[in-house]
Amino acid sequence: MFLSLWQLALLFSALSLLAVGGGNGVIPDMQRASVDVHHWMNNSEFLDLFAISRASPGPGSLIVVLIGQKAAGLAGALVAGMAMYTPSCVAVHLASRAWRRFQAATWRKQVEHALMPVAVGLTYASGLALLRSTEHEWVAYGITAGSAVILAVSELHPLAVLAAGAVITLVLGS
Amino acid sequence: MNPPRPAPIPDAPPTLKALFLCFTVIGMQSFGGGLSSWMRREVVQRRGWMEDPQFLGGLALAQIAPGPNAVNLCVFIGTTLRGGSGALVALAGLMGLPIALVLVLGGLYGWLHALPGLAPILGGMGAAAVGLNLATGWRLTQRNLRSVSQFAIMVATAVAVGWMDWPLLPVLLVVVPVSLALSFWRG
């Protein structure tokens with residue numbers, strides 16, 4: 001039990017700082033550590049946890065809480081979550097504070113201006129990456145295209161579009 | 001964890017309670033991913049607490065910094081609007097209910113696994129969430145990108161990271177300096 005907690009803390013605090021570019025990149029590392037190294041679960045159980053984290057609203061990275069729960073109960077969930085989020089959150093908090101200090105500086109406006117096209121590109125990139133990594137069949141492509149157009153031109157609530165996507169896939173089959 | 005200083009923060013910073021409620025809404029609506037789109041919708045579009053350039057600067061920071069992007073962006077917004085306590089309440093709002101939900105679902109997972117309709121529902125919501133992402137990209141493009149060079153940098157970043165699958169950091173080490181040079185050169 002205490003060994004598991006210690007292992008969870010070590011694993012996720014390391015992954016927290018290794019996850020450059022987002023949490024999805026380290027999912028395979030989590031899988032290897034949970035299944036092959038520490039034997040907290042088998043492969044299909046890991047995939048179940050992944051599915052649950054995707055089914056729930058909120059950050060996809062909450063899979064770490066599920067891994068912690070599977071490994072060492074509620075204490076494990078707490079330790080895994082703290083280990084995963086604390087280092088990166090502290091780093092981002094400090095960077096944001098420093099950035100905020102230059103709120104009025106002209107050069108900051110220019111840097112923001114320069115980062116704008118990059119950040120917009122990254123927004124498209126995360127959509128493109130998801131398109132390529134999930135099993136997209138023609139129904140799914142249709143839903144993606146349809147929801148993109150509807151949400152770009154109308155003020156319809158995104159939840160309505162998500163619900164429509166779920167219903168359409170349920171009816172037509174995926 | 002100092003209290004927020006009035007000067008560097010937008011005209012009327014939101015109360016901690018409003019910030020918490022805003023991120024609770026984001027946390028509970030964001031099925032299928034696409035959290036940055038939800039954050040822009042709630043924080044920039046609906047509440048006007050931040051302008052696009054500031055939000056996009058935070059988005060870039062959230063991606064460059066280690067750790068999960070959505071959580072990083074939440075910390076950036078919380079810190080920018082209300083300092084350390086802002087970051088904490090935003091995080092609590094974003095994660096509180098979803099954590100409770102996944103823990104309950106995790107306890108039931110054997111039962112959940114047997115649920116026949118789950119996979120198509122998840123697939124459909126995921127596909128629509130990708131659409132939400134693309135729509136947000138389109139809105140941001142329309143509202144913020146003015147020049148051909150900005151457009152070219154946007155496309156280059158999107159293709160390199162999202163299509164070619166090149167690692168983020170080397171790509172940013174090229175596109176950010178180029179964009180900075182163009183931005184300063186134009187004044």
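Order of the sequence lines sets the chain letters (A, B, ...), proteins ahead of strands, with each chain counted from 1. Worth saying up front: this structure is predicted, and the values here are computed from it rather than measured.
- Neither the backbone nor the side chain of A:A104 has a heavy atom closer than 4.5 Å to any heavy atom of chain B.
- Among A:P158, A:A164, A:G165, the residue with the largest count of heavy-atom pairs under 4.5 Å with chain B is A:P158.
- Only the backbone of A:L156 comes within contact range of chain B, with at least one heavy atom under 4.5 Å from a heavy atom of that chain.
- Considering CD1 of A:I150 and CG of B:L132, their distance stands at 12.0 Å, rounded to 0.5 Å.
- For the atom pair CG of B:L56 and OG1 of A:T123, the computed distance is 6.5 Å after rounding to the nearest 0.5 Å.
- If you take CH2 on B:W138 and CG on A:L151, they are separated by 14.5 Å, rounding to the nearest 0.5 Å.
- Between the OG atom of B:S179 and the NE2 atom of A:H113 there is a distance of 7.5 Å, given to the nearest 0.5 Å.
- Residue contact with chain B, scored on non-hydrogen atoms closer than 4.5 Å, is absent for A:I63.
- Only the side chain of B:L91 comes within contact range of chain A, with at least one heavy atom under 4.5 Å from a heavy atom of that chain.
- Between B:V71 and A:S88, every side-chain heavy-atom pair lies at or beyond the 4.5 Å cut-off.
- Summarising the geometry, atom CZ belonging to B:F76 is positioned 10.0 Å from atom CZ belonging to A:R100; distances are rounded to the nearest 0.5 Å.
- With a 4.5 Å cut-off on non-hydrogen atoms, A:L17 touches chain B through its backbone and its side chain both.
- Under the 4.0 Å criterion applied to side-chain N and carboxylate O atoms, A:K109 and B:E51 are not assigned as salt-bridge partners.
- Residue A:S13 does not touch chain B at all, counting heavy-atom pairs closer than 4.5 Å.
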